Amino acid sequence: MSHYKIIAIIGGIVLVLAGFLLLQKRNGEETLGKIALDFFTQSVNQEKNSEFEQIQSAPSSGSESVSDRRTYAHSTYKFSLEYPERLNVVEFDEEEGAHTILFQEREGGGGFQIFISEFDEPGPVTPERIRKDLPNLAVEQFQEITLGGRITALVFFSRDESLGRTREVWFVYGPNLYQVTAKADFDEELSKIMATYTSIEVELR
């Protein structure tokens with residue numbers, strides 16, 4: 001057998017093995033993708049062992065280090081949190097004494113906002129309460145978490161005409177209702193940010 005034929009046979013075997021490994025890799029990715037999709041879309045109406053809580057309690061992962069994060073503190077609403085350095089912060093007052101804090105990426109449009117408004121009822125926020133006051137608002141895959149060691153917050157997915165599917169974190173603290181909103185694809189990042197939320201004692205109603 002000639003030297004060139006041996007090389008050709010070896011090359012053919014390598015190509016077959018490479019094709020087989022690539023097929024296995026693709027099948028594995030498709031399976032994992034399906035598992036991830038099934039897990040993401042299933043109901044998580046449990047207070048413990050939820051995906052959002054697991055991310056909150058787990059060490060921060062990813063490319064961002066501590067030096068890539070900044071601390072935001074609000075003296076009037078008595079809270080602070082850490083957020084990625086790549087986000088710009090803009091604040092503006094709304095009608096009837098409400099206030100919006102917008103954390104937005106310089107490029108790409110990602111980020112989240114906190115809408116704060118006066119609220120004359122005690123917490124916590126519940127799905128039943130939202131459905132009663134806002135019957136047209138979608139409340140999907142809801143769960144309760146604790147912020148800052150003492151504030152009960154309701155976490156759920158919803159929908160917005162301009163944003164599409166959204167991740168929401170709503171809670172009552174002091175005389176105000178806090179509505180945190182982000183696009184659904186910012187969910188994991190938002191959970192890490194809210195895990196750093198701390199509040200200063202205020203007089204509760």
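Here the structure is a predicted model, which is why all the values come from computation and not from measurement. Residues: numbered from 1 along the sequence shown.
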* Met194 side, atom CE; Thr196 side, atom OG1 - distance, nearest 0.5 Å -> 8.0 Å
* May I ask you to decide whether Glu85 forms a salt bridge with Arg106, counting only side-chain N to carboxylate O separations under 4.0 Å? => yes
* Asked: What's the shortest heavy-atom distance between Asn176 and Phe119, and which atoms?
  -> C-CB, 3.9 Å
* Under a 4.0 Å N-O cut-off, is there an ion pair linking Glu82 with Lys192? -> no
* Asked: Could you walk me through whether Phe115 and Tyr178 pass the ring-ring contact (aromatic ring centres under 6.0 Å, His included) check?
  -> CA-CA 6 Å; Phe115 180 77; Tyr178 294 72; over 10 Å; no
* Asked: What are the two closest non-hydrogen atoms of Gly111 and Leu87, and how far apart are they?
  -> CA-CD2, 4.3 Å
* Structure fact -> One should read off an interatomic distance between Leu81 CG and Arg70 CZ, to the nearest 0.5 angstrom, of 13.5 Å
* Structure fact -> Value for CD (Gln143) from CZ (Phe156), rounded to nearest 0.5 Å, stands at 11.5 Å
* Asked: Is Ile114 reachable from Tyr72 through a run of I, L, V, M, F, W or Y residues, each pair having side-chain heavy atoms under 4.5 Å apart?
  -> yes
* Just checking, any donor-acceptor pair under 3.5 angstrom between side chains of His99 and Glu91? -> yes
* To do: Could you walk me through whether Phe142 and Val155 pass side chain to side chain contact (heavy atoms under 4.5 Å, CB included), step by step?
  => CA-CA 5 Å; Phe142 59 86; Val155 181; over 6 Å; no
* To do: Please round to the nearest 0.5 Å and tell me the distance separating atom CG of Asp93 and atom OG1 of Thr100.
  => 8.5 Å
* Is there side-chain contact between Ser191 and Val169, with heavy atoms separated by less than 4.5 Å? -> no
* Asked: So does Glu189 pair up with Arg86, basic N to acidic O under 4.0 Å?
  -> yes
* Asked: CZ of Arg159 to CG of Asn136: how many Å apart, nearest 0.5 Å?
  -> 14.5 Å
* To do: For this output row, return yes or no: ring centroids of Phe171 and Tyr197 closer than 6.0 angstrom.
  => yes
* Asked: About how many Å separate CD of Glu128 and CG of Asp133, when rounded to the nearest 0.5 Å?
  -> 11.5 Å
* To do: Verify side chain to side chain contact (heavy atoms under 4.5 Å, CB included) between Ser199 and Ile151, making sure each step is shown before the conclusion.
  => CA-CA 9 Å; Ser199 59; Ile151 302 172; 3.7 Å; yes
* Report yes if some heavy atom in the side chain of Phe103 is under 4.5 Å from a heavy atom in the side chain of Ile193; otherwise report no. => no
* Taking it one step at a time, do Thr71 and Ser80 satisfy side-chain hydrogen bond (donor to acceptor under 3.5 Å, both in side chains)? -> CA-CA 7 Å; Thr71 299; Ser80 68; over 6 Å; no
* **Distance-only donor-acceptor check, side chains Ser158 and Glu168, under 3.5 Å** => no
* To do: Please determine, by modelled atom types, if Glu144 and Thr152 share a side-chain donor-acceptor pair under 3.5 angstrom.
  => no
* Asked: Hey, any chance Val89 and Ile116 share a hydrophobic cluster, counting ILVMFWY side chains that come within less than 4.5 Å of each other, even indirectly?
  -> yes
* Could you pull out the closest heavy-atom pair between Val125 and Leu177, with the gap in Å? => CG2-CD1, 3.8 Å
* Asked: Is the side chain of Arg129 donor-acceptor paired with the backbone N or O of Pro124 at a distance under 3.5 Å, no angle test?
  -> yes
* Structure fact -> Nearest heavy-atom contact between Tyr77 and Gly97 is OH-O, 4.0 Å
* Under a 4.5 Å side-chain heavy-atom rule over Ile, Leu, Val, Met, Phe, Trp and Tyr, are Leu102 and Leu190 clustered together? -> no
* Asked: Are the ring centres of Phe79 and Tyr173 closer than 6.0 Å?
  -> no
* To do: Check whether Val139 and Leu163 end up in the same hydrophobic cluster, where Ile, Leu, Val, Met, Phe, Trp and Tyr are linked by side-chain heavy atoms less than 4.5 Å apart.
  => no
* Asked: Just checking, Arg165 and Phe157: is the charged tip under 6.0 Å from the six-membered ring centre and within 45° of the axis?
  -> yes
